[in-house]
Amino acid sequence: MTFKYDYSYLRGWIKQKFGNNRKYAKFLGIGCTALYDRLAGKTPFRQNEIDATAQYGNLAADDVMRFFFTK
């Protein structure tokens, strides 16, 4: 199953806040492969990962929607 979301906003934010995907994956407590699978739409982001990102970035609900749920 593939999840059809556009994570380009999230990718830009990761680069800005963490510098690279490896550091963001470590922050989430997952491996790089798991993060790449999520960004490629192979597996969904988990609720706790979305919550941790929102809290870390002090993101508004609109930002969370744009980062994780843009079709």
Side-chain angles (χ1 to χ4, degrees):
M1 176 180 243
T2 302
F3 300 89
K4 306 273 185 195
Y5 292 107
D6 176 3
Y7 293 116
S8 57
Y9 290 108
L10 177 60
R11 288 175 188 272
W13 183 84
I14 291 168
K15 189 171 186 176
Q16 179 184 31
K17 296 290 184 180
F18 290 90
N20 59 51
N21 287 344
R22 183 183 49 78
K23 290 179 184 174
Y24 181 61
K26 184 174 181 179
F27 166 75
L28 293 179
I30 62 175
C32 289
T33 302
L35 177 59
Y36 286 115
D37 285 349
R38 285 162 175 69
L39 292 172
K42 293 179 182 178
T43 58
F45 278 91
R46 295 184 177 158
Q47 184 68 48
N48 65 320
E49 296 162 353
I50 295 170
D51 288 343
T53 301
Q55 285 186 335
Y56 179 86
N58 196 26
L59 302 177
D62 288 348
D63 293 326
V64 172
M65 292 300 293
R66 183 173 37 248
F67 283 12
F68 293 99
F69 300 103
T70 298
K71 294 264 183 175

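Bear in mind that the values here come from a model prediction, so they are computed numbers and not experimental data. Atom set for the values below is all heavy atoms of this structure, side chains included, hydrogens, waters and symmetry mates excluded.
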Chemist: With sequence neighbours excluded, what pairs up with D51 under the side chain to side chain contact (heavy atoms under 4.5 Å, CB included) test?
Modeler: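 Counting only residues at least two positions away or on another chain, D51 forms a side chain to side chain contact (heavy atoms under 4.5 Å, CB included) with Q47.
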Chemist: In chain order, what residues pass the side chain to side chain contact (heavy atoms under 4.5 Å, CB included) check against T70, with sequence neighbours excluded?
Modeler: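 Expected list: D6, Y9, R66.
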Chemist: In sequence, state the C-alpha distance, the side-chain angles, and the governing distance for F69 and I50, and then conclude on side-chain contact (heavy atoms from CB on, under 4.5 Å).
Modeler: CA-CA 11 Å; F69 300 103; I50 295 170; 4.0 Å; yes
Chemist: Of all residues at least two apart in sequence or in a different chain, which pass the ring pair (Phe, Tyr, Trp, His ring centres under 6.0 Å) check with F68?
Modeler: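 F68: ring pair (Phe, Tyr, Trp, His ring centres under 6.0 Å) contacts with F45.
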Chemist: Side-chain atoms of residues 16-36: list all donor-acceptor pairs with protein atoms under 3.5 Å, sequence neighbours left out, distances to 0.1 Å.
Modeler:
from, atom 1, to, atom 2, distance (Å)
N20, OD1, R22, N, 3.2
N20, OD1, K23, N, 2.9
Y24, OH, T53, OG1, 2.5

Chemist: If you measure from CG on N48 to CD on Q55, what distance do you get to the nearest 0.5 Å?
Modeler: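 Between N48 CG and Q55 CD, I get 11.0 Å after rounding to 0.5 Å.
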Chemist: So which pairs with a foot in residues 52-61 pass salt bridge (charged side-chain N to carboxylate O under 4.0 Å, His left out), sequence neighbours left out?
Modeler: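 Pairs touching residues 52-61 that pass the test: none.
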Chemist: Looking at CH2 of W13 and CG of L59, how far apart are the two atoms once the value is rounded to the nearest 0.5 Å?
Modeler: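 Between W13 CH2 and L59 CG, I get 5.5 Å after rounding to 0.5 Å.
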